[in-house]
Enquirer: 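The structure is given below, and queries will be raised subsequently.
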Amino acid sequence: MRRLRRSFLTRDSHVVAPELLNKLLVAGPCVGRIVEVEAYDSTDPASHTFRGVTKRNAIMFGRAGHLYVYFTYGMHHCANVVTGRVGDGQAVLLRAVTPMSGLDVMAARRGRTLHLADGPGKLCQAFGLDLSANGTDLCVGGAIGLYDDGVPPPELPLITPRIGISVGVDTPWRWVASSGT
DNA sequence: GGAACGATCTGC
DNA sequence: CAGATCGTTCCC
């Protein structure tokens with residue numbers, strides 16, 4: 001299991017996103033296989049970066065391979081992997097992972113044993129990702145990072161419009177690792 | 001200064 | 001299907 005190379009992420013979010021499927025997200029004892037992602041970039045009205053740099057989205061305009069965490073709905077966090085080049089304002093939202101290790105820790109944080117990380121808010125709660133993890137470099141092999149265990153991305157992921165947005169609703173920038181065959 | 005609104009989740 | 005709950009952003 002080797003850490004992801006930064007060069008792998010230094011490309012357009014909608015190109016990187018499907019290739020992040022089946023990679024591993026690690027945060028302390030918690031490991032999960034990425035199975036659902038969405039792409040955002042600064043040309044996209046649904047993106048936090050659409051209207052330029054702000055205090056919140058500054059990480060998204062920074063270097064690829066860093067973690068962009070934001071707080072929303074007054075109670076949830078969402079985690080993104082910054083892609084592209086400095087100044088681009090691109091990222092891939094991690095929407096769901098399949099838990100692989102640290103299930104006990106995830107269950108304790110979630111307060112249940114089912115549906116541990118099958119949604120962006122649930123994923124962050126299970127993996128303990130909050131604003132203190134915002135800006136973390138995921139490509140240096142640290143406790144929080146992205147890793148590759150050799151499992152390739154699915155050849156035919158499900159591709160759909162993105163979830164939970166009110167603009168840019170027709171852009172098919174959501175990728176799901178379909179289960180089975 | 002104030003109001004509106006979320007890249008969501010849960011329980012009814 | 002509506003309520004929770006608060007930081008960020010935008011408008012006056």
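Here is how names work: the chains are called A, B, and so on, in the same order as the sequence lines, proteins then strands, and each is numbered from 1.
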Enquirer: Is there a donor and acceptor pair closer than 3.5 Å between the side chain of A:Tyr70 and the base of B:dA7?
Expert: yes

Enquirer: Please check the phosphate of B:dT10 (OP1 and OP2 only) for any side-chain N or O of A:Arg110 closer than 4.0 Å.
Expert: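 Yes, A:Arg110 has a side-chain N/O under 4.0 Å of OP1/OP2 on B:dT10.
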
Enquirer: C:dT9 phosphate, OP1 or OP2: any side-chain N/O from A:Arg51 under 4.0 angstrom?
Expert: no

Enquirer: Tell me whether A:Asp137 is salt-bridged to A:Arg63, with the criterion being a basic N under 4.0 Å from an acidic carboxylate O.
Expert: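 No.
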
Enquirer: Calculate the interatomic distance between A:His77 atom NE2 and B:dG6 atom P; express it in whole Å.
Expert: 19 Å

Enquirer: Please state how far atom CZ in A:Arg95 lies from atom C1' in B:dA7, giving the value in whole angstrom units.
Expert: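 About 7 Å, once rounded to whole Å.
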
Enquirer: To the nearest Å, how far apart are A:Asp130 CG and C:dG7 P?
Expert: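 Those two atoms, CG and P, are 14 Å apart.
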
Enquirer: In whole angstroms, how far is the C1' atom of B:dG11 from the CE atom of A:Met75?
Expert: 13 Å

Enquirer: Could you check how far CZ of A:Arg162 sits from P of B:dT8, rounded to whole Å?
Expert: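 Whole-Å distance recorded here is 11 Å.
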
Enquirer: If only side-chain N and O atoms of A:Thr54 are considered, is one of them under 4.0 Å from the OP1 or OP2 phosphate oxygen of C:dT9?
Expert: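 Checking A:Thr54 against C:dT9: at least one side-chain N or O falls below 4.0 Å of OP1 or OP2.
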
Enquirer: Go ahead and name the base partner of C:dA4; Watson-Crick or wobble counts if both distances stay under 3.5 Å, otherwise write none.
Expert: B:dT8

Enquirer: With a 4.0 Å limit, can you tell me whether A:Arg56 has a side-chain N or O closer than that to the phosphate oxygens OP1/OP2 of C:dC10?
Expert: no

Enquirer: Is there a donor-acceptor pair under 3.5 Å between the side chain of A:Arg110 and the backbone N or O of A:Leu116?
Expert: yes

Enquirer: Rounding to an integer number of Å, can you tell me how far A:Ile163 CD1 sits from B:dG6 C1'?
Expert: 15 Å

Enquirer: side-chain hydrogen bond (donor to acceptor under 3.5 Å, both in side chains) between A:Thr160 and A:Arg174: does it pass, once the steps are laid out?
Expert: CA-CA 5 Å; A:Thr160 80; A:Arg174 173 173 175 254; 3.0 Å; yes

Enquirer: What nucleic acid atoms does A:Arg174 come within less than 4.0 Å of, heavy atoms only: base, sugar-phosphate, or nothing?
Expert: nothing

Enquirer: By a 5.5 angstrom centroid cut-off and a 30 degree plane limit, is there stacking between A:Phe71 and C:dG7?
Expert: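 Stacking between A:Phe71 and C:dG7: absent.
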
Enquirer: Can you check the A:His48 NE2 to C:dG7 P distance for me, whole Å?
Expert: 15 Å

Enquirer: Report which part of the nucleic acid A:Ile165 touches: base, sugar-phosphate, or nothing (heavy-atom distance under 4.0 Å, all strands).
Expert: sugar-phosphate

Enquirer: C:dC10 P sits how many Å from A:Asn57 CG, rounded?
Expert: 10 Å

Enquirer: Using the side-chain contact (heavy atoms from CB on, under 4.5 Å) definition, which of the options A:His14, A:Arg162, A:Gln90 pairs with A:Asp44?
Expert: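 Considering A:His14, A:Arg162, A:Gln90, a side-chain contact (heavy atoms from CB on, under 4.5 Å) with A:Asp44 is found only for A:Arg162.
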
Enquirer: Which one of A:Val82, A:Val86, A:Thr49, A:Asp88 satisfies the side-chain contact (heavy atoms from CB on, under 4.5 Å) criterion with A:Phe61?
Expert: A:Thr49

